[in-house]
Amino acid sequence: MQVLIADKLEARCLEALRAAGLIVHDRPELKDAALAEALASLNPEILVVRSTRVTADMMSAAPALELIIRAGAGYDTIDVAAASDRGIFVANCPGKNAVAVAELTFGLILALDRFIPENVQDAREGRWNKAAYSKGRGLKGRTLGVIGLGHIGREVVRRAHAFEMTVVAWSRSLTDEMAQALGVIRKDSPREVAASADIVTLHLAATPETRHLANRDFFEAMRPGAYFINTSRSSLVDEEALAWALEHRGIRAALDVMEGEPAAKAGPFAHPLAGHPQVYFTHHIGASTQQAQEAIADEVVRVIKTYLETGHAPNCVNLEVHSPATHLLTVRHLDKVGVLASVLDEVRRANWNVQEMENLIFAGARAACARIRFDGRPDETVVQRIAALPDVLAVSLIPLEPSKPEKQP
Ligand SMILES: O=C(O)[C@H](O)COP(=O)(O)O
């Protein structure tokens, strides 16, 4: 199997994959047309990316592609629907960079409160300006508003408690019991959080539902002079409304993500708010700590190894169900009438004793993944016949660990 890695990943990931017998192409420079070309010429089974965009056309260029791994949390850079249509698993590494993002969030909050960047700049330019910077408000006893309580939001809450802050929060699924367990005060909407906090921080994924969640109405609700932090995704923020809030509400903002942020790792950067004195920009560095990148590298290895051993992709974001099996034939196919019946015909003809079968549908797509657990002598020619059936995309046969014998009393 070939793995194409189209972003810079920790060396230990590449070493572990090579040690596992995979052919690893380490091509961190690839993106856009160059990535499509590499996919077409190498035709790998597995693609690993960090922020690099993966489009439907790229997937079509690599018909052998079975698994795309996002070496990070947010997978809005991958056309998941197109992957589902083609029966390609998409997996991410949830939670592995949560602490890093939470730490940056607090770095930005402290930077805003104590004007740290301006301090440093003045010192660099030979100015001593103690009087100008003696207006930090302090965090203890302040109210932090957390919008989104996934892995990252929760790490932010833990740190807020260490700073002795009160936390108000909203997330789609937050119940009173969960709020109590987390030590937060539950609010009914993002707007309510905005209205009741001194500092507001966003920790949601980019989806059509979260687009421009921080809009004019939201910023109008914010307390005058409050701080606004976004270390999640730029699409959550209506930047025109934010510009209004800077001017009319005296809001100060720190943004690790911004509309039109460069996809390139280095180069020119222009943004209408870049020079604004009430805004700090950082370069989408939320996940960029050594700890986080090592944890992600290890998770990429775990996902790939588990996939190779079991046919199940951990953290898969585009399958509706997972269930483990012991002796497994995995058939990715276009979910058309008769495909599954033809697959099962072949299995029966081979006299395999089917113990369990599941047909998992890729969320919102035409593709499916049949998993057939069976007893019987696995025969490569049967697998080849199934692979050659019309509308079958890929087949793998995996001998799994026999289940442990029951302990006798
Ligand atoms: O979604 C993520 O994991 C973070 O935004 C980090 O993204 P990056 O890996 O592109 O830095």
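The first residue in the sequence is number 1, and the count goes up from there. For ligands, and for the atoms within them, numbers begin at 1 and follow the listed sequence. The structure displayed is predicted, hence computed values, not measured ones.
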key: Qualifying residues under salt bridge (charged side-chain N to carboxylate O under 4.0 Å, His left out), relative to E155, sequence neighbours excluded   = R158, R159
Residues in salt bridge (charged side-chain N to carboxylate O under 4.0 Å, His left out) contact with E240, at least two apart in sequence or another chain = none
key: Residues that T282 engages under side-chain contact (heavy atoms from CB on, under 4.5 Å), provided they are two or more places apart   = L104, L108, D256, I285
key: Side-chain donor-acceptor contact under 3.5 Å, Y307 with E45   = no
key: F219 six-ring centre to R191 NZ/CZ under 6.0 Å and within 45° of normal   = no
task = Run through ligand 1 for me and note each protein residue having a heavy atom under 4.0 Å from it, chain first, then residue number.
result = R50, S51, R70, G72, A73, G74, N97, R233, H284, A287
request  = Would you please classify the geometry between the F269 ring and the H283 ring as parallel, tilted or perpendicular, with 30° and 60° separating the classes?
outcome  = tilted
